Amino acid sequence: MKIAGVELLRVAMPLVAPFRTSFGTETTRDILLVRAVTADAEGWGECVAMSSPRYSSEYVDAAADVLRRFLVPALLAAEPPGAHAVADLLAPFKGHRMAKAALETAVLDAELRAAGRSFARELGAVRDRVPCGVSVGIMDSIPALLDAVGGYLAEGYLRIKLKIEPGWDVEPVRAVRERYGDDVLLQVDANTAYTLADAGQLARLDPFDLLLIEQPLDEDDVLGHAELARLVRTPVCLDESIGSARDAAAAIRLGACRVVNVKPGRVGGYLEARRIHDVCAARGVAVWCGGMLETGLGRAANVALAALPGFTLPGDTSASGRYYAADITEPFVLDDGHLPVPALPGLGVAPLPGRLAEVTTAAEWLTG
Ligand code: OSB
Ligand code: MG
C-alpha cells in the first residue's frame with residue numbers, strides 16, 4: 001500500500017453548551033484530524049485526545065508531535081500491506097494510543113474507500129441502526145440538570161448517563177429518578193473522582209437501579225475496582241483503565257468490571273476495539289461504545305462499531321446536534337432514539353469542504 005502523504009489538520013469546534021466532568025469543563029473542542037492520501041483514495045481519522053491531559057495522559061499537542069516526529073515517518077517509510085499491519089508497525093513507539101488510532105483509522109478508511117467496503121462491513125456489524133444514549137455533564141443546580149435530561153428524553157435518547165463527582169452523585173440521581181421514573185435507563189460516570197474509601201457513599205447509589213457506574217477509581221487501580229465491585233450492587237464498568245484487549249481480559253479475570261466502555265481512540269484503534277468486543281463477548285461481559293465528543297468523522301466509525309453483536313447497551317453515540325451547531329460532515333440525526341449506520345465505502349461520510357475550511361486553524365502536509 002503506497003501512502004503518498006499524510007496531512008495533520010487542527011480544527012476548533014465550539015460546543016453547543018459547556019461540558020463539565022469531574023476532570024474539567026470543555027467549551028470548544030480542539031481536534032486533530034489525520035488525512036492519509038494514497039493513489040486510489042484519501043482516508044480520514046479523528047484523534048480523540050483532548051486539549052489537556054486530564055481524561056488520560058494524552059493531549060492533542062502531544063498527539064500531533066508524536067505523529068509528526070515518529071508515527072507518520074515510520075508509516076511512510078514502511079509501505080505496509082494494509083491497515084491491518086499499521087498497529088504492529090507503530091508498536092515500537094510506546095503509548096500514544098489516541099494518536100496511533102487516528103493514523104490507523106485514516107489508513108483503514110483510505111483502504112476501504114478504494115475497495116468499496118464500509119467500516120460496518122469490515123468490523124462485522126449486524127445492525128443498520130444503533131440505539132443511542134447521551135452523556136449529561138455536571139450542572140450548576142438540580143433544576144438545570146432536570147431541564148437538560150428532560151430535553152434529551154424528549155429528543156428520544158434511550159439512555160441517560162450522568163457525570164458524577166463527590167458532592168454531585170446521590171442527589172442528582174435521586175432527582176432524575178423521582179422526576180422521570182424508574183423505567184429510564186440510567187447510569188453514572190465518575191471519571192476516576194473517587195477512592196475505595198468512598199465505597200460507602202457509592203453504595204448509596206444501589207437503590208436507584210443504575211445500569212452501571214463507570215470508572216469510579218483511578219485508571220491504574222484495577223484491583224481497587226475489583227474490591228469496590230464486592231461492596232456495591234451497581235455493576236462496575238471500566239473506561240480509562242482499559243487500554244487494550246489484554247487489559248480487558250485481565251480486568252474481567254480479576255472481577256474488576258461487569259461491563260466495558262469501548263472507546264477506539266483509548267485502545268489504539270478500531271481493530272483493537274473489535275478485539276475487546278470479542279474478548280468480552282466470549283466471557284459474557286457487556287460492552288457499549290463510548291464517545292469523546294467526536295465530529296461526524298469519528299462518530300461514523302463509532303456507530304459502525306456499535307453495530308457489532310456484543311454491543312448490547314446504548315452507547316454515548318449521540319446525534320451531531322448534541323455537540324455542535326454545525327458538524328464538519330453531514331450531521332448525524334437521531335431517529336426514534338437511533339442513529340443510522342453508514343453503509344457507503346469507508347467511513348461513509350467526508351468533511352464538507354467549506355465547513356472544514358471554516359473551522360481549520362492549522363494544517364501540515366507530511367511526505368516520506
Ligand atoms: O468519560 O466517557 C467519558 C467525553 C470526553 C471525555 C471522556 C468522556 C466523555 C463523555 C462524553 O462522557 C461522551 C460523548 O458524548 O462523546
Ligand atoms: Mg467515561
Side-chain angles (χ1 to χ4, degrees), residues 13 15-31 46-60 63 97-98 101 130-139 148-149 152 155 157-165 168-169 186-194 210-219 225 235-243 251 257 259-267 273 276 287-303 305-306 313-324 327 331-332 334 339:
M13 300 279 290
L15 290 163
V16 291
F19 183 63
R20 178 173 158 205
T21 64
S22 61
F23 62 81
T25 303
E26 210 75 12
T27 53
T28 296
R29 193 76 173 87
D30 173 11
I31 301 173
E46 176 169 346
C47 180
V48 299
M50 308 196 77
S51 47
S52 62
R54 293 176 186 273
Y55 163 75
S56 72
S57 64
E58 288 182 72
Y59 62 100
V60 65
R97 289 182 170 118
M98 294 174 177
V130 298
C132 298
V134 59
S135 177
V136 186
I138 294 166
M139 305 266 163
V149 169
Y152 291 132
E155 286 182 55
Y157 285 103
L158 299 170
R159 183 226 68 195
I160 300 291
K161 160 168 138 181
L162 302 183
K163 290 293 195 178
I164 60 167
E165 64 183 3
W168 182 266
D169 43 34
L186 187 62
Q187 62 192 52
V188 293
D189 185 0
N191 290 110
T192 77
Y194 295 86
L210 302 178
L211 286 171
L212 57 90
I213 176 169
E214 186 178 342
Q215 198 71 40
L217 312 180
D218 269 358
E219 175 182 316
H225 282 98
V236 172
C237 170
L238 292 177
D239 173 356
E240 286 89 329
S241 292
I242 305 299
C257 60
V259 185
V260 172
N261 169 339
V262 183
K263 282 184 187 165
R266 195 193 64 221
V267 305
I276 294 182
V287 300
W288 55 281
C289 184
M292 295 287 287
L293 315 175
E294 287 91 342
T295 72
L297 288 174
R299 194 161 309 285
N302 285 351
V303 167
L305 180 71
L313 293 168
D316 282 346
T317 47
S318 308
S320 295
R322 181 260 173 271
Y323 311 93
Y324 306 113
D327 208 332
F332 279 83
L334 207 63
L339 287 186

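Just follow the structure's listing: the first ligand is 1, and inside any ligand the first atom is 1. Keep in mind the model is a prediction, meaning the values are calculated, not measured. Computed from heavy atoms alone, side chains included, the values below leave out hydrogens, waters and symmetry copies. Nothing fancy with the numbering, it's 1 onward along the sequence.
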Checklist entry - Residues two or more places apart in sequence or in another chain: which of them pass side chain to side chain contact (heavy atoms under 4.5 Å, CB included) with P18? => result T25, T27
Checklist entry - Which residue holds the protein heavy atom closest to atom 4 (C) of ligand 1, what is that atom called, and what is the gap in Å? => result F19 CE2, 3.6 Å
Item to check | More than 12 heavy atoms of other groups within 6.0 Å of R54 CZ | outcome: no
Checklist outcome for this item: min-distance protein heavy atom vs atom 7 (C) of ligand 1 -> K263 NZ, 3.4 Å
Next on the checklist: Within the 4.0 Å heavy-atom shell around E214, which atoms of ligand 1 are there?
Outcome noted: 2 (O)
Checklist entry - Do you know how many protein N, O or S atoms are within a distance smaller than 2.8 Å of the Mg ion (ligand 2)? => result 3
Checklist entry - Distance-only, no hydrogens or angles: does the R29 side chain make a donor-acceptor pair with backbone N or O of L15 under 3.5 Å? => result no
Checklist entry - Does R322 use its side chain to pair, donor to acceptor, with the backbone of V134 at less than 3.5 Å? => result no
Checklist entry - Looking only at atom types and distance, does a side-chain atom of Q215 sit under 3.5 Å from a main-chain N or O of L217, one as donor and one as acceptor? => result yes
Checklist entry - Within the structure, does R322 bring an N/O atom to less than 3.5 angstrom of an N/O atom in ligand 1? => result no
Checklist entry - How close does the nearest protein non-hydrogen atom get to atom 1 (O) of ligand 1, and which residue and atom is it? => result N191 ND2, 2.7 Å
Checklist entry - Should one rank K163, R29, M50 by closest heavy-atom distance to atom 10 (C) of ligand 1, which comes out on top? => result K163
Checklist entry - How does V134 reach ligand 1, if at all, at less than 4.0 Å between non-hydrogen atoms: by side chain, backbone, both, or neither? => result neither
Checklist entry - Would you call the rings of Y152 and Y157 parallel, tilted or perpendicular, where under 30° means parallel and over 60° means perpendicular? => result perpendicular
Next on the checklist: Tell me the protein heavy atom at minimum distance from atom 6 (C) of ligand 1, and give that distance in Å.
Outcome noted: M292 SD, 3.4 Å
Item to check | pair R159-P131: side-chain heavy atoms closer than 4.5 Å | outcome: no
Next on the checklist: Does atom CZ (F23) have a neighbourhood of more than 12 heavy atoms from anything else shown, all under 6.0 Å?
Outcome noted: yes
Item to check | Heavy-atom nearest neighbour in the protein, as seen from atom 15 (O) of ligand 1, with distance rounded to 0.1 Å | outcome: Y323 OH, 2.6 Å
Next on the checklist: Any non-hydrogen side-chain atom of L238 less than 4.5 Å from a side-chain atom of N261?
Outcome noted: no
Checklist entry - What atoms in ligand 1 come closer than 4.0 Å to a heavy atom of K161? => result 2 (O), 3 (C), 12 (O)
Item to check | Nearest-contact summary for atom 13 (C) of ligand 1 - protein heavy atom, Å | outcome: G291 O, 3.3 Å
Checklist entry - Is there a donor-acceptor pair closer than 3.5 Å between any side-chain N or O of E58 and the backbone N or O of S56? => result no
Item to check | Contact partition for D189 relative to ligand 1, non-hydrogen atoms under 4.0 Å | outcome: side chain
Item to check | Check: V267 main-chain N/O paired with R97 side-chain donor or acceptor under 3.5 Å | outcome: no
Checklist entry - Hey, which of L211, T317, L212, V262 is the one that makes side chain to side chain contact (heavy atoms under 4.5 Å, CB included) with W288? => result L212
Checklist entry - To the nearest 0.1 Å, how far is atom 16 (O) of ligand 1 from its closest protein heavy atom, and which atom is that? => result L293 N, 2.8 Å
Next on the checklist: For ligand 1, which is the ligand I care about here, please tell me if E240 has any N or O atom under 3.5 Å from one of the ligand's N or O atoms.
Outcome noted: no
Checklist outcome for this item: Taking only non-hydrogen atoms of Y55 and a 4.0 Å limit, the atoms of ligand 1 in range are 1 (O), 7 (C)
Item to check | Name of the residue among T192, D239, T21 meeting side chain to side chain contact (heavy atoms under 4.5 Å, CB included) with Y55 | outcome: D239
Checklist outcome for this item: Exactly one candidate in T295, D327, L334 meets side chain to side chain contact (heavy atoms under 4.5 Å, CB included) with S320; the answer is D327
Checklist outcome for this item: ligand 1 to D239, heavy atom cutoff 4.0 Å, flagged ligand atoms 1 (O), 2 (O), 3 (C)
